[in-house]
Structure formats: C-alpha cells, structure tokens
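The structure appears right after this line, and notes come after that.
Every chain is numbered from 1, with letters handed out A, B, ... down the list of sequences.
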Protein chains: 2
Amino acid sequence: MHNKNVVPFITEKSDCGSDHPVCQACEVRACGMCSELNTDTLQELRKITRTKEYKAGEQIFCDEEPTENYATIKSGIVKLSKILPDGRQQTIGLGFPPDFIGRAFKDKNSSFASALTDVTVCTFPRELFNDYLKSTPSLEHKLFELTLNELDSAREWMLMLGRMTALEKVAALLLDFSDRLHKARLLQGLDSEKNNFELLLTRAEISDFLGLTIETVSRQFSTLKQKNLIAIKNQRFIDILDRPALDILAGHENY
Amino acid sequence: MHNKNVVPFITEKSDCGSDHPVCQACEVRACGMCSELNTDTLQELRKITRTKEYKAGEQIFCDEEPTENYATIKSGIVKLSKILPDGRQQTIGLGFPPDFIGRAFKDKNSSFASALTDVTVCTFPRELFNDYLKSTPSLEHKLFELTLNELDSAREWMLMLGRMTALEKVAALLLDFSDRLHKARLLQGLDSEKNNFELLLTRAEISDFLGLTIETVSRQFSTLKQKNLIAIKNQRFIDILDRPALDILAGHENY
DNA sequence: ATCTTAAATTGACATAGATCAATAATATCG
DNA sequence: CGATATTATTGATCTATGTCAATTTAAGAT
C-alpha cells in the first residue's frame, strides 16, 4: 500500500515511544534530519530546539540578516528566493517537510525564506547546532544527503531556466510540484491522489519560480487546458489528464 | 602578500613532508578534500586513488553511465552540463581545483563532466570511497562544505539564468570567471593579475552557460567593448577596464 | 607566406515572451 | 446578499533575443 519512495511514518514512529513528547508527535521524526538520531541523542538535541509557526506569506529569514536559527520543516511549504538590487526576484527552491533550511557553517543566509502556506518548523540556534553537527557525524551525514538532493534539484532547475520554453517550464513545474506534494501528503498520513492537487502557488509565485511573467504563465495554463493535458477548477485545483504528454514536454526522457 | 581568500599553499605543503610522494606533489593537498586528513589517514586513502589526465574536450563522465569513480580536480577546469532529450544543453557548473566531481552516495551521475582545458584529476573508486567517507567524519565534513559552496553558486546562477538580461549575464560571467581563475592561479603559485585573463571558454561554451546563443553572447561582448568596460585581444584575452561598472551590471550590490 | 578550417562577428529578419491595458473570476467584507 | 479588492485571463502591441546568412578574424598546415 505504501509508496516505495515514502518513509512509512506511522510504523516507524512507534519505535520512538520514549522520545520527548514534542519529538514523538513530530511529523518528520522518522524521515528528517533526526531520523539518524536515537532517543538519547535526540533528547540532547531537543534541549536547544523550539517549535515555531508562520502564517502564509510571513518571512522566515532574510538574505542580509545574520543567521540566528536553522530549522527543519515539520509541515507546510517554504519558498526560498533571491532578489537583485533593483527588485527583480527569482525563487530558487521550495522546501517541503522534512527539508532543512538555513546555511550550515555560515553566519549569513544567501537567500530569503518565506512561508508559502502556513508553516511549522523546529528551530535550532545556529552556533549550538553547528557545534552539535561537528560532534555528531550521523547527523551531519543526514544533512549532507539532504543538501546533495537540493543541489541535484537546483541543477535540474538550472537546465529548466536556461533552456526550456515557457510551456515546458510550466509542465515541469506541475509535475515536480505534484510529486513533492504527493509525498508530503502521504508523509502526513493523508490520502493523496497524485494527479489531483491544489496548486498552492499564485501565478505570481509561479512566474518568480520559472523566470517568466504572470501573463505568460497564465497563457501556458490556457494552452495546456486547450490541449487537454490538464484541467483546472477554481484556478487552483489541478487535474493532470495526460501525464505522459506532460512528461515529454518537461523533458523527462522515456527510452 | 598573500590574498586573504587563498590558502597559502607553499607554506602548508611543507608540513606534509612525510606524505606519499604523489600526495606531496599534489597541487591541492592543502586546500582540497584531503586537507582534512593527516599523513597516516591520507596514506590509507592513497591506496585507492589514481591520477588521471584528460585533454581539453575529452569527456570525464557521462549522465547516464553508472558512476565508477569520483575525483578531485588537481589542475585545469572541468565543465558540468546537462542535456535535454532533444539536444538542448545547459552548463550547470564549472569545476576549478580543488573541487570534487561526482555525486557522493549515488550510483548514477546526474550530469556530464568534460575537460574544458587539459585536466588532471585524482580519482577514487566509488564504493570504496563511499565507505571511506562514512568512516571518516572529517573527510565527509570537508566534502560537505565543498558541496554547500556548490549549492550557493548554483543558486546564484539560477538568479542569473532566470532574471538577468544578456548583457548582465555576460558581465556576471566575466567577473565570476576572473575571480575563480585568479584564485586557481595563485593556488598554483603563479602570478596572476585579476583584471587580465585568458577566457578559456569559447563563445559556444559561454552561451551554454548563460542560456543564450553564440550570436547574442558575441553582441554583448561588442557592447561591453563599445562602453569601454572591457578590452579583448585575439578574442580570448580579456582586460577588465571598469570593474565597478561590471559589478553594477552583474547585480553585485554595493551599499 | 599562402591555403584551409574553425571560431567570432555582424547584419537582416522572425518570434517568444514582455509589457500595457481591459475584462473576468474569485475571495473578502460589511 | 451585494460591494470591493485581489488574482487570473485575454488581447494588442513591443522588444530582447533567436535564427539564418554573410563576412571577418584567427589558427594550423603545408
């Protein structure tokens, strides 16, 4: 029944019965950074963590600010972006549970983080966490793997930004978003239909991600509807009608 | 005398007098991955390494191939790129000494690597190196830091690809390339003038990097010459005449 | 030197996507 | 429920960059 790519959260959680209550209830105990820690070590780390909530739209941290906290995303979606001095903006990544946010080993962030939906995170003070990381190889290893995944996806998006047409970009975004949302929902123990999801980004947010304008994004949606590749209800609820065709548009090779 | 950002190579090397001869002579002994290893541990790692050389243009590894080896760049410049099924290509990064190439913990590369100049690398068999990494936290830590730097620069380029004009992209590339080349040359113990360098990339390679065409890149060079921001000798030798102006074009904020 | 080949520049034109403006759909608030 | 504000769509242009083609420059071979 379980999707092979998804950590079977419910089952694993039961092994953590002696965790601190906050960790026991944590949505990402079994798949996030902490999954590498046993109850004792986690107890230790728990001393420096704090749960924080952000409403959709709120800023989590800022480019120029010194990093005070790192965080693990427990629920919701976080947007990472950069801006040019004249205000032009580019989204450089989306964070889903159980992603880590912040720049390890540096005292300055190199991007803005804001809450795309309502977000719950578990925060760690920077200095303490860096020390902790250096003395806990298993934790550092896990974080390294999360970082490698982020690098992979950043490079994937570079190909998209540099070489895809507007239509292809939108197709690629829809597929990527649907997959990640699907995984995140299964993680929460929710039912999830892969081809049917709520697009949580506004057209403006999508255009910041794809390096396009709002109008161009909107036109591509219309084209995809016309071609019967997707259907849209209320401008926010997407139905993927022809995934193979979208895959081809998005350049997902199928030999 | 030393640039603050550059590891004082000569001085440090003298501390490694009992290294294996190959490591002793290594250009990146003091600043690469191995800088975290003492002579004994390095002796151990040395058993699985092999030096390889590639001529400019040669392929180092391929997207679909299973990764057999990882490598550290000892000298030369490596180009990392991705291609879409229909052949469109995007360069996703340049590797300078002492960068690591390959995807740790995965058995498949997600990009092509080829030699931009003549290149010397030190290779490690994949499986052995992954094992070694897991049991040597200091090595993994260093590699993690190198990876974080790569992620930072990938995101920097995402902003460029998505939101900069052709002229701005070329300015940003020239500045980035001049800095990295400068550092690499100092590392080699060579004299280096920051504002005066050989552009080792062809117009085609530049256009693959910037998500543009050859012709557009060429036109931007002409514009920069006209504005007296740069001078070009023999199409390959760049003189930066007005760095502050280029910095502004490239969006490097100067408060 | 001269010939050959590859790379870079420049020009003329086409086009994808941007910009500006009007309308429509949806959400919010009293 | 209607009034207002926000977000999305659609249409009519405009423009930066792509495309195609001709010329120039440089590099290598003989």
Next item on the list: Would you kindly compare B:Ala204 and B:Arg219 by the position of their nearest DNA chain C nucleotide and give the one closer to the 5′ end?
Entry: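 Checking each residue's closest nucleotide, the 5'-ward one belongs to B:Ala204.
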Taking the side chain of [X] as heavy atoms from C-beta outward, which of [options] is closest to it?
X	options	value
B:Asn234	C:dT9, D:dG18, D:dA27	D:dA27
B:Thr216	C:dT9, D:dG18, D:dA8	D:dG18
A:Ser222	D:dT10, C:dA18, D:dA8	D:dT10
B:Glu215	D:dT10, D:dT19, C:dT26	D:dT19
B:Leu212	C:dT9, D:dT19, D:dT17	D:dT17

Note to self: Any donor-acceptor pair, under 3.5 Å, between the side chain of B:Arg203 and the base of D:dT25, if you only look at N and O atoms?
What the structure shows: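 Check fails, no donor-acceptor contact within cut-off.
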Atom [atom1] of [X] to atom [atom2] of [N]: distance rounded to whole Å?
X	N	atom1	atom2	value
A:Gln220	D:dA8	CD	C1'	14 Å
B:Arg236	C:dA6	CZ	P	16 Å
A:Asp208	C:dG17	CG	P	17 Å
B:Leu199	C:dA7	CG	C1'	13 Å
A:Ile214	D:dG11	CD1	P	18 Å
A:Leu210	C:dA16	CG	C1'	15 Å
A:Gln235	C:dA27	CD	P	8 Å
A:Ile230	D:dA8	CD1	P	14 Å

Notebook entry, point to check: When the nearest nucleotide of DNA chain D is assigned to A:Phe221 and to B:Phe237 on a heavy-atom basis, which residue is associated with the more 5' position?
Noted result: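 The residue mapped nearer the 5' terminus is A:Phe221.
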Can you confirm whether the side chains of [X] and [Y] place a donor and an acceptor under 3.5 Å from each other?
X	Y	result
B:Thr213	B:Ser207	no
B:Glu168	B:Thr165	yes
B:Thr91	B:Ser81	no
A:Arg243	A:Ser178	yes

Next item on the list: Kindly confirm or rule out a cation-pi arrangement of A:Arg203 over A:Phe221, judged by NZ or CZ under 6.0 Å from the six-membered ring centre and within 45° of its axis?
Entry: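 Verdict for A:Phe221: a cation-pi partner in A:Arg203.
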Margin query: Categorize A:Thr202 for me: base, sugar-phosphate, or nothing, with a 4.0 angstrom heavy-atom threshold over every strand shown.
Written below: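 Sugar-phosphate contact only - A:Thr202 comes under 4.0 Å of backbone atoms but never of a base.
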